[in-house]
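Before any comments, here is the structure.
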Amino acid sequence: QVQLQESGPGLVKPSQTLSLTCTVSGGSITTSVYYWSWIRQPPGKGLEWMGVIAYDGSTYYSPSLKSRTSISRDTSKNQLFLQLSSVTPEDTAVYYCASRREGYSDVPSEYDYWGQGTQVTVSS
């Protein structure tokens, strides 16, 4: 059974880079055709898909966040990483990592497994 757990600092200062880790257990992030996404939810708003890294390491990003977002992985540790640069208070949200076993999707509801989420607040 695939399990995901997000971790990282809960408070980031404006203009800095937000960095999060997703640790995966119960399955390999290199298994075809699994895709692994970062999704966030600002307070009072809906889920926003940020980007994805595929089983083969290829990446795809939301057009609205592409210029600031980097998704990477460490296959030896079975971990995913998110970096979001130049953050502002509008980046305050609960951040999730999620997986889909049936191929690519940018629709949050189509993902099969989710972490519990981690709150990140951008404030000085």
| query | Does a donor on one side chain and an acceptor on the other come within less than 3.5 Å for S70 and Q83? | reply | no
| message | Please tell me whether W38 and Y60 are part of a single hydrophobic cluster in this structure, the criterion being side-chain heavy atoms less than 4.5 Å apart. | response | no
| query | Atom CH2 of W36 and atom OG1 of T31: how far apart are they, to the nearest 0.5 Å? | reply | 7.5 Å
| field | Within-4.5 Å side-chain heavy-atom neighbours: T92 and V120 | value | no
| field | Shortest non-hydrogen separation from W49 to S105 and the atoms involved | value | NE1-O, 3.7 Å
| For F81, which of L20, I71, D74 qualifies under side chain to side chain contact (heavy atoms under 4.5 Å, CB included)? | D74
| Spacing of S85 atom OG and R68 atom CZ [to the nearest 0.5 Å] | 6.5 Å
| request: Not counting sequence neighbours, which residues clear side chain to side chain contact (heavy atoms under 4.5 Å, CB included) with S123? List them please. | output: L11, T121
| Donor-acceptor contact present, side-chain D106 to main-chain G51, <3.5 Å | no
| query | With no hydrogens and no angle check, do the side chains of Y111 and S99 hold a donor and an acceptor under 3.5 Å apart? | reply | no
| message | Do the side chains of D112 and R101 get close enough for a salt bridge, i.e. N-O under 4.0 angstrom? | response | yes
| said: Any non-hydrogen side-chain atom of S86 less than 4.5 Å from a side-chain atom of T88? | reply: no
| field | Minimum side-chain heavy-atom gap L4-Y113 below 4.5 Å | value | yes
| Is there side-chain contact between I39 and W114, with heavy atoms separated by less than 4.5 Å? | yes
| message | Within the 4.5 Å heavy-atom criterion, are R100 and E110 side-chain neighbours or not? | response | yes
| Do the side chains of Y96 and T118 get nearer than 4.5 Å, heavy atoms only? | no
| remark: Between the OG1 atom in T69 and the CG atom in L82, the distance rounded to the nearest 0.5 Å is 6.5 Å
| query | Given side chains that start at C-beta, do those of E90 and V122 come closer than 4.5 Å, heavy atoms only? | reply | no
| note | Taken to the nearest 0.5 Å, the spacing of Y35 OH from E102 CD works out to 13.0 Å
| note | Here the gap from Y104 atom OH to S58 atom OG, rounded to the nearest 0.5 Å, amounts to 10.5 Å
| field | Linked, directly or transitively: V52 and V33 (ILVMFWY side chains, under 4.5 Å) | value | yes
| query | Does one side chain, of R40 or Y95, offer a donor that lies under 3.5 Å from an acceptor on the other? | reply | yes
| message | How long is the straight-line distance from NZ of K77 back to OG1 of T23, given to the nearest 0.5 Å? | response | 9.5 Å
| query | Applying side-chain hydrogen bond (donor to acceptor under 3.5 Å, both in side chains), which residue pairs with at least one partner in residues 4-18 are found, sequence neighbours left out? | reply | none
| Which pair of non-hydrogen atoms, one from P9 and one from S19, has the smallest distance, and what is that distance? | CD-O, 3.6 Å
| Are any non-hydrogen side-chain atoms of Y55 and T30 less than 4.5 angstrom apart? | no
